[in-house]
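None of the values given here were measured: they were computed from a predicted structure. Naming convention: chains lettered A, B, ... in sequence-line order (proteins, then strands); numbering from 1 in each chain.
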There are 2 protein chains.
Amino acid sequence: MSNVQSLERALTILNKLSEYPDGIQITRLSEQVGLTKGTLHRLLATLASMNYVVKDEETDKYKLGLQVLFLSRNLLNNSNIVTIAKPFLEKLSQEVNETVHLCIEDRGEVIYIDKIESTQTIRMYSRIGSRAPMYCTAVGKILLSGMEQNKFDELVSSFEFIPKTPTTIISKEEFLQEIERVKSQGYALDNAENEAVLMCIAAPIYDHKGKIIASFSISGPNNRVTIDVINSTLIEKMNQYSLAISRNLGYTGS
Amino acid sequence: MSNVQSLERALTILNKLSEYPDGIQITRLSEQVGLTKGTLHRLLATLASMNYVVKDEETDKYKLGLQVLFLSRNLLNNSNIVTIAKPFLEKLSQEVNETVHLCIEDRGEVIYIDKIESTQTIRMYSRIGSRAPMYCTAVGKILLSGMEQNKFDELVSSFEFIPKTPTTIISKEEFLQEIERVKSQGYALDNAENEAVLMCIAAPIYDHKGKIIASFSISGPNNRVTIDVINSTLIEKMNQYSLAISRNLGYTGS
DNA sequence: AAACAGTGTTCCATTATATGATACGATATA
DNA sequence: TATATCGTATCATATAATGGAACACTGTTT
């Protein structure tokens, strides 16, 4: 069954506009989405009439409208995970003074659903709503480690192990070993695999059935989040918070 | 010039779905948006293929997908207002232990662009992205008070002064007097006008040109946020924070 | 001042797309 | 077994959406 072409085009436009928070002009946008200016103009006019897009009259740039924010107002706030985890993650961030994230899996990627910033001036740049690959993030490895085998196999088969940094794992065999390691040790590390210099340690959040439904992480530059700090402090702390958050979601295991 | 019909329909579907965080079934949604099930199904399939909508296979309910969150990731984070105001609003919330909001005007309504929760168990229920009327909210009155006369007249003319509570101002004349009062005193009150029991006090945030670009507020139930507390403590505090935040946005006035 | 270049916007003949009505498949209930 | 209701698929047809071209506007160059 085919899709509705003009709707597909419009959603492609919205996706592209999300890359340009300061807006983009019609001719350039037309090039990027492969539509004639007439068609693009008509689609933008419709999006604008419903506040999905706004046009800056001074610069002729189009950008996303606040209706997108309005749509998203209930997307996370009804989520048990965000609500229950937040106070714990705030406390954790305060204790370690690093940025803490909460992530779930969506369509084979991790998506950031909460973020607690530290007070450090050098910190991980991230956005609620942003997505990242699973194969080179600590939270991604945690989420994969709790996945049902069929889905796990299907996803890993679809991964392109593109090197992001010199330390990215790009061998499927090595990656599968890493996931076994994560399963046995109960936490995962991102050894600057996704972004240079940036270390992360992640742990699982279980639901009442013992299923991994989310993951949270501590992130910081590798001069602060060192292997020593990880081994002496962070592993124990992540285990403690993993259990505390999971308990509040009805988890009864150990 | 007319809009693109199928796109308009799809955006209407997205708007309606945002009211059902737990999802809605096709037949019911078809009734609500006035589309045949065939047309609706085709549009939903397209939305789903691009992750704007997901279908819960167990309940046959459709709901918004996380692509909406992905779109919104840059909507506020690039905003100077949110970034600069946040540490001040966190401090304010901590000092008064009530919920604090940051709002802007968008298309004749206020929209919540940040929220700092207090630790109280009884607190205002609100969502980033949510919208509220301008005529019965403290932040709305602040934003109106700084508006250019033409736009002000146009907006106020369009208001329907629907009573939300027994204390809602529903007379246009009385409302105009209220706005004059806000201008002279430099803060606005919502005397449980939008929601019963809920008191709010709001103050302006100025940009470098002295224009009111946002408003922030303290909200709490009227047994905690009393007229005494407002007069003895909150007015002075709001003035102080209004100036502090505005200074950081380049404001040089008094 | 005139010519040129590039942008955003509008128009219209054409055709490909989206539609509504209907049928089908699945599930639950009597 | 028959019926009711839901979600999904199909298809003939009408119309909506399209691409290309023209137009209006603005800025730059000669």
K.L.:
Which atoms form the tightest heavy-atom contact between B:Ser30 and B:Thr36, and what is the distance?
P.N.:
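That would be OG-C, 4.4 Å.
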K.L.:
Ignoring backbone atoms, test whether A:Tyr62 places a side-chain nitrogen or oxygen under 4.0 Å from the OP1 or OP2 oxygen of C:dT9.
P.N.:
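Yes, because at least one side-chain N or O of A:Tyr62 sits under 4.0 Å from OP1 or OP2 of C:dT9.
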K.L.:
Can you tell me how far P of C:dG8 sits from CD of A:Glu57, to the nearest Å?
P.N.:
12 Å
K.L.:
Which whole-number value in Å describes the distance from B:Ile26 CD1 to D:dC6 C1'?
P.N.:
9 Å
K.L.:
Rounding to an integer number of Å, can you tell me how far B:Gln5 CD sits from C:dT19 P?
P.N.:
6 Å
K.L.:
Mind checking B:Lys61 for me? I need base, sugar-phosphate or nothing, with any heavy atom below 4.0 Å counting as a touch.
P.N.:
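Here B:Lys61 touches no strand at all.
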K.L.:
Starting at atom CG of B:Asp56, determine the distance to atom C1' of D:dG7, rounded to an integer number of angstrom.
P.N.:
14 Å
K.L.:
Mind calculating the distance between CG (B:Asp60) and C1' (C:dA28) to the nearest angstrom?
P.N.:
13 Å
K.L.:
Taking only nitrogen or oxygen atoms into account, show me every contact under 3.5 Å that the protein makes with nucleotides 20-23 of chain C, one pair per line with its distance.
P.N.:
| unit_1 | atom_1 | unit_2 | atom_2 | d |
| --- | --- | --- | --- | --- |
| C:dG20 | OP1 | B:Arg9 | NH2 | 3.4 |
| C:dG20 | OP2 | B:Thr36 | OG1 | 3.0 |
| C:dG20 | OP2 | B:Thr39 | OG1 | 2.2 |

K.L.:
Using the closest heavy atom to pick a nucleotide of DNA chain C for each, name whichever of B:Leu43 or A:Ile24 lands nearer the 5' end.
P.N.:
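Its nearest nucleotide being more 5', the pick is A:Ile24.
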K.L.:
Between A:Ile128 and A:Leu76, is there a side-chain heavy-atom distance shorter than 4.5 Å?
P.N.:
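With C-beta onward as the side chain, the pair touches.
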K.L.:
Taking it one step at a time, do A:Asn15 and B:Gln67 satisfy side chain to side chain donor-acceptor pair (under 3.5 Å)?
P.N.:
CA-CA 9 Å; A:Asn15 290 343; B:Gln67 191 67 9; 3.0 Å; yes
K.L.:
Checking salt bridge (charged side-chain N to carboxylate O under 4.0 Å, His left out) against A:Lys141, which of A:Glu105, A:Glu180, A:Glu178 comes through?
P.N.:
A:Glu178
K.L.:
Verify the contact: side-chain N or O of A:Ser6 to OP1 or OP2 of D:dA16, cut-off strictly under 4.0 Å; return yes or no.
P.N.:
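So the side-chain polar atoms of A:Ser6 never come under 4.0 Å of the phosphate oxygens OP1 or OP2 of D:dA16.
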K.L.:
Between D:dT8, D:dA16, C:dT9, which nucleotide gets closest to the side-chain atoms of B:His41?
P.N.:
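So the nucleotide nearest the side chain must be D:dT8.
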K.L.:
Picking from D:dA17, C:dG8, D:dG7, which would you name as closest to the side chain of B:Val4?
P.N.:
D:dA17
K.L.:
Grab the CD-P distance between B:Glu58 and D:dG7 for me, whole Å please.
P.N.:
16 Å
K.L.:
Would you indicate whether the side-chain heavy atoms of B:Lys211 and B:Tyr251 approach each other to under 4.5 Å?
P.N.:
no
K.L.:
Measure from NZ on A:Lys55 to C1' on C:dT7 and round the result to the nearest Å.
P.N.:
10 Å
K.L.:
Please test B:Ile213 against B:Leu249 for side-chain contact (heavy atoms from CB on, under 4.5 Å), starting from the C-alpha separation and ending with a verdict.
P.N.:
CA-CA 10 Å; B:Ile213 55 172; B:Leu249 288 162; 4.3 Å; yes
K.L.:
Can the ring centres of A:His101 and A:Tyr112 be said to be less than 6.0 Å apart?
P.N.:
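Yes.
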K.L.:
What is the separation between atom CD on B:Gln25 and atom C1' on C:dA26, rounded to the nearest whole Å?
P.N.:
14 Å
K.L.:
Is B:Thr27 near enough to D:dG7 that one of its side-chain N or O atoms lies under 4.0 angstrom from OP1 or OP2?
P.N.:
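True: B:Thr27 side-chain N/O within range (under 4.0 Å) of D:dG7 OP1/OP2.
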